[in-house]
Amino acid sequence: MKIRNLALLLLAVALATAGCASASARPGADLYHGGRLFIATGNTTGVFYSLGGGYADLITKHVAGYEARAEATGASGENIQRVATGDMDVALTLADTAADAYAGKNAFDGKPQKVVALARIYKSYVHLVVRKGAGITKFSDLRGKRVSTGSAGSGADILAGRILAAGGLNPDADVQRQRLSLPETTKGMLAGTTDALFFTGGLPTPGIADLLSNQPNAFTVLPLNALLPALTGKYGAVYSGAKIPKATYNTPGDIDTIAVGNFIVVSPDMPEQLAHDLTKVLFDYQQELSRVHPEGGNFDKGTAPQTDPIPLHPGAARYYSSG
């Protein structure tokens with residue numbers, strides 16, 4: 001049963017038990033979705049999940065009448081669909097997946113999703129981690145190997161497929177593709193049933209940090225910057241070059257890789273004042289978010305409205321224009 005439907009069922013039971021209580025007297029009766037907000041995040045060992053939980057706590061503390069809860073999901077693709085259908089209220093998503101969803105192309109071919117944005121937040125970085133015992137020292141060595149590209153339909157999964165193609169590998173024929181969540185993937189890497197993983201997330205991604213520290217001499221993080229021209233040539237400037245600093249995972253040197261922005265999206269049906277207040281929380285209490293995860297401190301009000309091609313919710317736009 002979907003989270004939203006379950007919550008409504010429990011609410012109906014509570015109302016039936018209450019008997020003659022009037023609708024106007026119910027706490028939250030005049031609030032959007034009864035004052036209950038659900039935030040779609042990602043895998044439990046990813047940054048979306050960490051920051052989503054922190055954001056939910058801030059909403060509950062600082063947006064009057066509302067209680068928010070973060071939910072683990074398959075990440076970007078699933079998140080957008082669940083917001084568009086009303087099963088979730090707020091979602092974190094990679095910018096490239098959001099652009100495809102809004103336009104109704106690629107994985108969303110012919111099915112544009114009705115979402116709007118509250119903010120552009122931090123960047124996510126593509127990680128390519130390989131088992132040293134699998135004999136992978138360069139990108140082309142992935143051919144024939146067992147490669148996890150992330151949860152099926154997630155933004156990480158979609159981007160991994162694009163990167164494999166950019167490197168001359170058919171993601172569904174030239175590698176043994178495994179579509180596993182990050183926790184499942186790291187278990188496979190440790191057990192030797194997965195040879196390499198792609199994951200797109202903030203720095204540090206908890207699941208990857210745990211993997212690399214668990215067996216520090218068993219894995220290598222490979223660079224991906226050589227594939228950036230092929231990606232931007234096909235998909236545009238949504239992707240950029242970036243470095244994973246050596247201090248992030250205690251690697252021998254910085255890792256040249258590919259980055260993509262992240263958005264927070266909601267339904268266009270969300271009331272304007274609520275969207276304004278949810279946006280305001282991000283910046284008024286950003287220091288608290290940064291204590292949840294360092295990436296919480298890596299977005300700013302100046303670039304946050306830059307969510308093209310996803311339009312800003314009018315409430316978010318009002319927040320940014322208020323100075």
Side-chain angles (χ1 to χ4, degrees), residues 42 45-48 75-76 94-97 99 120-143 145 147-150 154-169 171 174-175 182 185-186 189 194-213 215-262 293-295 297-299 303 306:
T45 56
V47 179
F48 276 5
S76 299
L94 297 180
D96 57 345
T97 304
R120 170 185 288 272
I121 46 175
Y122 65 95
K123 288 182 179 180
S124 281
Y125 299 73
V126 183
H127 300 67
L128 172 55
V129 184
V130 302
R131 283 196 310 110
K132 289 182 179 179
I136 304 169
T137 60
K138 57 185 182 300
F139 191 86
S140 60
D141 292 335
L142 292 173
R143 185 179 299 273
K145 298 298 193 294
V147 180
S148 177
T149 56
S154 67
D157 178 44
I158 292 169
L159 180 49
R162 291 178 176 182
I163 290 172
L164 284 165
L169 297 174
D174 292 335
V175 301
L182 184 55
T185 297
T186 55
M189 293 283 280
T194 298
D195 300 315
L197 73 84
F198 284 91
F199 190 79
T200 304
L203 302 179
T205 292
I208 291 177
D210 289 346
L211 174 68
L212 296 178
S213 63
Q215 294 186 12
N217 297 315
F219 305 103
T220 301
V221 185
L222 294 186
L224 291 167
N225 56 305
L227 304 179
L228 181 62
L231 275 181
T232 56
K234 186 169 183 178
Y235 300 104
V238 67
Y239 302 115
S240 60
K243 291 182 182 293
I244 300 176
K246 62 182 181 180
T248 305
Y249 300 113
N250 196 30
T251 52
D254 295 346
I255 308 296
D256 290 309
T257 190
I258 294 161
V260 60
N262 297 303
H293 190 281
E295 292 289 14
N298 289 337
F299 51 91
T303 58
Q306 298 172 11

Chemist: Tell me, please, which residues at least two apart from D141 pass side chain to side chain donor-acceptor pair (under 3.5 Å).
Modeler: T137, K138

Chemist: How long is the straight-line distance from CG of L203 back to OG of S124, given to the nearest 0.5 Å?
Modeler: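 That separation rounds to 8.5 Å.
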
Chemist: List for me each residue that meets side chain to side chain donor-acceptor pair (under 3.5 Å) alongside S140, sequence neighbours excluded, and say none if there are none.
Modeler: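 Here no residue qualifies.
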
Chemist: Restricting to non-hydrogen atoms, name the atom on G161 and the atom on P171 that form the minimum distance, rounded to 0.1 Å.
Modeler: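 Residues G161 and P171, closest heavy atoms: O-CG, 3.8 Å.
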
Chemist: Run the side-chain donor-acceptor check on residues 237-244: report pairs under 3.5 Å with partners two or more places apart or on a different chain.
Modeler:
unit_1	atom_1	unit_2	atom_2	d
Y239	OH	D96	OD2	2.4
Y239	OH	R162	NH1	2.8
K243	NZ	D256	OD1	2.5

Chemist: Residues two or more places apart in sequence or in another chain: which of them pass side-chain contact (heavy atoms from CB on, under 4.5 Å) with P216?
Modeler: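 Listed in chain order: nothing, the list is empty.
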
Chemist: Sequence neighbours excluded, which residues qualify as salt bridge (charged side-chain N to carboxylate O under 4.0 Å, His left out) partners of R120?
Modeler: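 Partners of R120 under the salt bridge (charged side-chain N to carboxylate O under 4.0 Å, His left out) test: none.
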
Chemist: Taking ring-ring contact (aromatic ring centres under 6.0 Å, His included) as the definition, give me every residue that meets it alongside Y235, ordered by chain and number, with sequence neighbours left out.
Modeler: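 For Y235 there are no ring-ring contact (aromatic ring centres under 6.0 Å, His included) partners, ignoring immediate neighbours.
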
Chemist: Would you please name every residue forming a side chain to side chain donor-acceptor pair (under 3.5 Å) with T200, sequence neighbours left out?
Modeler: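 By the side chain to side chain donor-acceptor pair (under 3.5 Å) rule, T200 matches no residue at all.
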
Chemist: Checking A196 now: which residues fulfil side-chain contact (heavy atoms from CB on, under 4.5 Å) with it, not counting sequence neighbours?
Modeler: L128, V130, I136, L142, V147

Chemist: Sequence neighbours excluded, which residues qualify as ring-ring contact (aromatic ring centres under 6.0 Å, His included) partners of Y249?
Modeler: H127

Chemist: For residues A166 and A230, report the shortest heavy-atom separation together with the two atoms involved.
Modeler: CB-CB, 3.8 Å

Chemist: Kindly indicate, with the supporting measurements, whether the criterion side chain to side chain contact (heavy atoms under 4.5 Å, CB included) is fulfilled by L211 and F219.
Modeler: CA-CA 9 Å; L211 174 68; F219 305 103; 3.6 Å; yes

Chemist: Only pairs at least two apart or in different chains count here, so list each salt bridge (Lys or Arg N to Asp or Glu O under 4.0 Å) that has a residue in residues 215-234.
Modeler: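 Qualifying pairs: none.
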
Chemist: State which residues pass side chain to side chain donor-acceptor pair (under 3.5 Å) with T205; sequence neighbours excluded, sorted by chain then number.
Modeler: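 T205 satisfies side chain to side chain donor-acceptor pair (under 3.5 Å) with no residue once adjacent residues are dropped.
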
Chemist: Assess the residue pair L169 and F139 against the criterion (side chain to side chain contact (heavy atoms under 4.5 Å, CB included)); give the C-alpha distance rounded to whole Å, side-chain angles, the decisive distance to 0.1 Å, and a yes or no.
Modeler: CA-CA 9 Å; L169 297 174; F139 191 86; 3.9 Å; yes

Chemist: List the steps and the verdict of side chain to side chain contact (heavy atoms under 4.5 Å, CB included) for T186 and D210.
Modeler: CA-CA 9 Å; T186 55; D210 289 346; over 6 Å; no

Chemist: How many angstroms lie between atom OG1 of T194 and atom CE of M189, to the nearest 0.5 angstrom?
Modeler: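 The distance works out to 7.0 Å.
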
